[in-house]
Amino acid sequence: MSILITGGTGFIGSHTVVELIEAGETPIIVDNLSNSKEIVLDRIKTITGICPKFYKVDLCDMTALDAVFAENPEIESVIHFAGLKAVGESVSLPLQYYYNNIVSTLNLCECMKKYGVKNLVFSSSATVYGTPAEIPIKETTLLGQTTNPYGETKKMIERILTDVYKPNPDWSISLLRYFNPIGAHKSGLMGEDPCGIPNNLLPYVSKVAEGQLPILHVHGNDYPTPDGTGVRDYIHVVDLAQAHLKALTRARKVTGVEIYNIGTGRGYSVLEVVKAYESATGRKVKYEIGPRRPGDVAECYADATKAYEVLGWKAQYDIADMCRDADRWQRQNPRGYES
Ligand code: NAD
Ligand code: UFG
């Protein structure tokens with residue numbers, strides 16, 4: 001039996017592929033390489049000794065996607081990571097974001113239906129909560145207003161998958177709402193490789209520590225948080241990968257649509273992250289306080305009790321592990337996978 005991993009050469013997908021192989025599963029990757037590189041497959045092989053089957057296919061190309069299912073009738077589950085994910089870019093390229101993220105999911109569901117594949121784990125995001133109505137955020141917390149097309153696609157896809165389940169009650173759909181994935185594989189062979197100047201905090205911090213960027217701009221220190229800077233629930237990407245294995249195990253046993261927050265349950269401010277990075281790595285992170293970034297919320301962290309109680313999943317790594325692993329990846333690969 002195989003598991004189709006869409007977006008499997010991306011940041012979270014590649015780490016999940018490694019964990020799946022190490023658990024004895026057989027992943028098959030589909031990715032159009034729009035935001036990842038084929039060399040990731042070599043890194044997966046170096047870590048696990050196995051090079052997973054790979055198709056360079058765009059999920060929006062129904063014919064090509066159908067052929068992947070037709071060639072691999074042993075596919076029994078899908079983990080759907082593929083999607084465009086840059087919040088700011090989604091504001092300037094809304095049509096591209098809606099088209100790519102929605103059409104790829106519709107095509108995937110069509111193929112799953114045609115080939116009788118009934119287990120799906122989907123990468124959703126804490127962004128669906130918008131400005132959270134309560135903290136910590138529970139799965140039952142009302143969804144808020146999203147401020148960008150990217151977040152809107154996540155909400156729409158959650159809705160689409162919930163509707164797809166209704167006439168297909170033998171399906172099992174897990175909607176995993178990730179908080180802030182960071183860190184890298186402990187080997188230093190896989191990590192986050194953003195194009196150009198990073199938007200997200202940790203890759204930016206790593207590049208400042210490395211001397212590739214001069215200074216971190218802290219986006220605001222006037223939020224109603226203990227030190228005034230934004231608070232987020234950072235989660236190690238390997239912990240996140242493990243959550244997919246747990247969700248898959250459950251999907252094989254039960255039917256339904258289930259939602260899980262995947263976070264540590266602990267929020268860290270920007271300045272706490274800077275301090276944690278400095279003490280975990282012994283490297284200095286120069287910063288200056290700047291204005292707020294439009295669309296940012298003050299605080300966002302999970303109540304991850306449900307994932308623990310139902311899936312038996314709990315984050316194992318702490319912020320020091322996340323910073324150390326991110327730093328190792330940055331040092332070993334100063335120009336990402338091109339290094
Ligand atoms: P990523 O960009 O590293 O990986 C996504 C992969 O999907 C890339 O390899 C890209 O080439 C591929 N892809 C995109 N569109 C495709 C298409 N039409 N057909 C085939 N492949 C396609 O991103 P990631 O950080 O690994 O995120 C994985 C998923 O998790 C995404 O859906 C993202 O929205 C979601 N998510 C990410 C975060 C985060 O902070 N990284 C937070 C919450 C949710
Ligand atoms: N920040 C800075 N300076 C930077 C970058 C970020 O101060 O250069 C701050 C932000 O203002 C925020 C915190 O660091 O307070 C985290 O910002 P990120 O950009 O790393 O992460 P976000 O919480 O804004 O968003 C991320 C993903 C989204 C996802 C969301 C919830 O980018 O796709 O987490 O999962 F939806």
Side-chain angles (χ1 to χ4, degrees), residues 10-12 34-35 81 83-102 122-139 141-159 175-182 192 194-208 213 215-235 240 259 261-264 267-274 287-303:
F11 172 46
I12 306 168
S34 59
N35 196 38
F81 294 104
L84 298 175
K85 65 159 185 177
V87 172
E89 188 183 62
S90 79
V91 176
S92 40
L93 301 172
L95 289 173
Q96 198 171 316
Y97 270 69
Y98 284 115
Y99 183 83
N100 186 75
N101 292 2
I102 305 294
F122 171 64
S123 303
S124 189
S125 167
T127 196
V128 299
Y129 295 111
T131 301
E134 58 181 340
I135 288 280
I137 302 170
K138 300 184 183 65
E139 290 82 356
T141 299
L142 277 186
L143 300 193
Q145 197 76 22
T146 52
T147 53
N148 56 79
Y150 164 72
E152 214 47 50
T153 67
K154 292 296 178 196
K155 264 165 103 171
M156 284 178 184
I157 295 169
E158 285 201 359
R159 178 61 205 265
L175 309 176
L176 303 188
R177 293 179 178 160
Y178 312 159
F179 281 67
N180 288 57
I182 59 168
E192 196 170 4
C195 297
I197 295 179
N199 280 311
N200 296 118
L201 181 64
L202 242 286
Y204 206 108
V205 165
S206 296
K207 286 189 186 295
V208 173
L213 289 171
I215 195 162
L216 170 73
H217 308 282
V218 175
H219 298 322
N221 69 346
D222 58 350
Y223 286 105
T225 60
D227 65 19
T229 65
V231 169
R232 297 291 183 276
D233 186 338
Y234 297 94
I235 173 168
L240 179 55
I259 300 174
N261 282 343
I262 307 295
T264 64
Y268 284 89
S269 74
V270 176
L271 295 182
E272 283 177 316
V273 170
V274 168
Y287 69 85
E288 65 183 11
I289 307 292
R292 289 185 180 192
R293 184 171 66 177
D296 271 357
V297 300
E299 270 194 309
C300 176
Y301 58 92
D303 178 336

Side-chain heavy atoms of P181 within contact of I12, under 4.5 Å: yes

Measure across T229 and S269 and return the closest heavy-atom pair with its distance rounded to 0.1 Å. OG1-CB, 3.3 Å

To the nearest 0.5 Å, how far apart are CD1 in I182 and CZ in F11? 8.0 Å

Provide the closest heavy-atom pair for V208 versus L216 in the form atom of the first, atom of the second, distance. CG2-N, 3.7 Å

Given the rule in the side chain to side chain contact (heavy atoms under 4.5 Å, CB included) test, do L84 and N35 qualify, once you have shown the distances and angles that lead to the verdict? CA-CA 8 Å; L84 298 175; N35 196 38; 5.7 Å; no

Please name all residues satisfying side chain to side chain contact (heavy atoms under 4.5 Å, CB included) with P149, sequence neighbours left out, ordered by chain then number. S90, V91, P94, Y98

Correct closest heavy-atom pair for E299 and Y301 would be OE2-CE2, 3.6 Å

Mind checking what makes ring-ring contact (aromatic ring centres under 6.0 Å, His included) contact with Y178, not counting sequence neighbours? H244

Partner residues of S125 under the side chain to side chain contact (heavy atoms under 4.5 Å, CB included) criterion, sequence neighbours left out: T127, Y150, K154

Kindly write out the residues that satisfy side chain to side chain donor-acceptor pair (under 3.5 Å) with E134, not counting sequence neighbours, or none if the list is empty. T141

Can you tell me how far the CG atom of D227 sits from the CG atom of N221, to the nearest 0.5 Å? 8.0 Å

Kindly write out the residues that satisfy salt bridge (charged side-chain N to carboxylate O under 4.0 Å, His left out) with E158, not counting sequence neighbours, or none if the list is empty. R177

So, using side chain to side chain donor-acceptor pair (under 3.5 Å) as the criterion, who are the partners of E89 when residues are at least two apart? Y97

Shortest non-hydrogen contact between G230 and Y223, atoms and distance: N-CD1, 4.0 Å

In short, A302 meets N261 closest at the heavy-atom pair CB-CB, 4.1 Å

Roughly how far apart are I262 CD1 and L240 CG, rounded to 0.5 Å? 7.0 Å

To the nearest 0.5 Å, how far apart are CG in L176 and OG in S124? 8.5 Å

Applying side chain to side chain donor-acceptor pair (under 3.5 Å), name anything that partners S34, two or more places apart in sequence or on another chain. N32

With the side chain counted from C-beta on, respond yes when L143 and Y129 share a heavy-atom pair under 4.5 Å apart, and no when they do not. yes

May I ask you to test the I137-C300 pair for a side-chain heavy-atom distance under 4.5 Å? yes

Checking T146 now: which residues fulfil side chain to side chain contact (heavy atoms under 4.5 Å, CB included) with it, not counting sequence neighbours? E152, K155

For P194, check side chain to side chain contact (heavy atoms under 4.5 Å, CB included) against everything at least two apart and list the hits. E192, P198, P203

By ring-ring contact (aromatic ring centres under 6.0 Å, His included) - contacts of Y234 (at least two apart): none

Hey, can you pull the donor-acceptor pairs under 3.5 Å for the side chains in residues 287-297, sequence neighbours left out?
{"unit_1": "E288", "atom_1": "OE2", "unit_2": "H217", "atom_2": "ND1", "d": "2.8"}
{"unit_1": "R292", "atom_1": "NE", "unit_2": "D222", "atom_2": "OD1", "d": "2.9"}
{"unit_1": "R292", "atom_1": "NH2", "unit_2": "D222", "atom_2": "O", "d": "3.0"}
{"unit_1": "R293", "atom_1": "NE", "unit_2": "D296", "atom_2": "OD1", "d": "3.2"}
{"unit_1": "R293", "atom_1": "NE", "unit_2": "D296", "atom_2": "OD2", "d": "3.1"}
{"unit_1": "R293", "atom_1": "NH1", "unit_2": "N199", "atom_2": "O", "d": "3.1"}
{"unit_1": "R293", "atom_1": "NH2", "unit_2": "D296", "atom_2": "OD1", "d": "3.2"}

Which pair of non-hydrogen atoms, one from I197 and one from Y204, has the smallest distance, and what is that distance? CG2-CE1, 3.7 Å

Please enumerate all residues that pass side chain to side chain donor-acceptor pair (under 3.5 Å) together with D233, with sequence neighbours excluded. T264

